[in-house]
2 protein chains.
Amino acid sequence: MGDVFKALADPTRRTIMDELSQRDDQTLFEICSRLATRHGLGLSRQAISQHLEVLESCGLVISRREGRYKYHRLDPSPLQQLSERWPVRPRQEEP
Amino acid sequence: MGDVFKALADPTRRTIMDELSQRDDQTLFEICSRLATRHGLGLSRQAISQHLEVLESCGLVISRREGRYKYHRLDPSPLQQLSERWPVRPRQEEP
DNA sequence: ACCATAGGCAAGCAGCCACTTGCGTGTCAA
DNA sequence: TTGACACGCAAGTGGCTGCTTGCCTATGGT
């Protein structure tokens with residue numbers, strides 16, 4: 001089981017999450033090409049693959065195999081622990 | 001300006017945030033001793049100081065000087081961008 | 001059967017990061 | 001003023017990590 005916070009630390013992984021956020025069920029190659037064209041990232045396929053591994057190991061991305069394709073989608077639910085751990089109380093009033 | 005996500009990546013920093021979360025306005029030495037006694041962390045003063053710097057540079061901790069003391073408090077408001085960026089939609093219903 | 005496609009495994013490398021150590025600065029009390 | 005206390009600055013170091021490179025497996029089309 002991976003660390004959600006460490007997974008969020010990398011800007012590339014956050015961009016991957018953005019990409020999956022607005023289009024679910026993408027394969028590795030799709031993500032690669034869309035990152036290149038739409039976000040200007042020129043990373044190798046393995047780099048993206050390793051990032052997806054990290055995101056999967058902490059539950060932020062769920063994958064499903066179908067033949068030789070592997071589809072990925074975002075699952076933001078692990079992020080809930082965050083707002084529960086440090087609730088954003090409204091600014092403290094001072095008399 | 002620091003990176004909120006990178007700041008959250010370190011377990012020690014999260015523990016510091018926990019500590020400040022339940023007791024505001026602590027000095028560096030207070031945080032050191034409370035981390036040691038209550039959380040079992042035996043880190044040097046500078047280590048904690050550097051962590052506080054990181055937390056301050058991204059707005060998660062706000063400090064105020066008073067003579068030779070420097071009081072710290074937690075400000076969770078930078079965490080809001082998180083739930084806005086990847087909203088936790090309720091699990092997708094499938095017919 | 002053959003080959004292209006989608007993806008996985010593993011080693012190697014460079015840069016970063018958390019932590020320590022040692023010294024310096026400013027503030028308060030006696 | 002002298003010394004103790006709270007904190008800051010800077011250099012050095014070991015380990016982690018993001019990325020590449022090269023090779024391998026498996027699935028599907030023709």
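Below, all heavy atoms of this structure are taken into account, side chains as well, without hydrogens, waters or symmetry copies. Each chain gets a letter, A, B and so on, in the order its sequence line appears, and its residues count up from 1.
One atom, CD of E30(B), and another, P of dC7(D), lie 8 Å apart when rounded to the nearest Å. Rounded to whole Å, atom C1' of dC19(C) lies 15 Å from atom CG of L35(B). Rounded to whole angstrom, the span from the CG atom of D3(B) across to the P atom of dC16(C) amounts to 14 Å. Remark: P of dT20(C) and CG of L41(B) are 11 Å apart, rounded to the nearest angstrom. Here the P atom of nucleotide dC9(C) and the CD1 atom of I48(A) are 17 Å apart, to the nearest Å. Rounded to an integer number of Å, the gap from R64(B) CZ to dA6(D) P is 17 Å.
For the pair R13(A) (side chain) and K6(A) (backbone), a donor-acceptor distance under 3.5 Å is present. Not a single donor-acceptor pair under 3.5 Å links the side chain of E53(B) to the backbone N or O of Q50(B). Judged by distance alone, with hydrogens and angles left aside, the side-chain atoms of R14(B) form a donor-acceptor pair with the main-chain N or O of L8(B) at under 3.5 Å.
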Base versus backbone protein contacts along nucleotides 9-21 of chain D [heavy-atom cut-off under 4.0 Å; B, S, -]: B-------SSBBB
Every protein N/O lying under 3.5 Å from an N/O of nucleotides 26-30 of chain C:
none

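Nearest approach of R64(A) to E66(A), heavy atoms of both residues: NH1-OE1, 2.5 Å. In terms of heavy-atom proximity, A9(B) sits nearest to D3(A) at O-OD2, 4.4 Å.
The shortest distance between side-chain heavy atoms of I16(A) and L35(A) falls below 4.5 Å. Contact check for H72(A) versus I62(A): no side-chain heavy atoms found under the 4.5 Å cut-off. Counting heavy atoms from C-beta outward, K70(B) and L28(B) have side chains that stay 4.5 Å or more apart.
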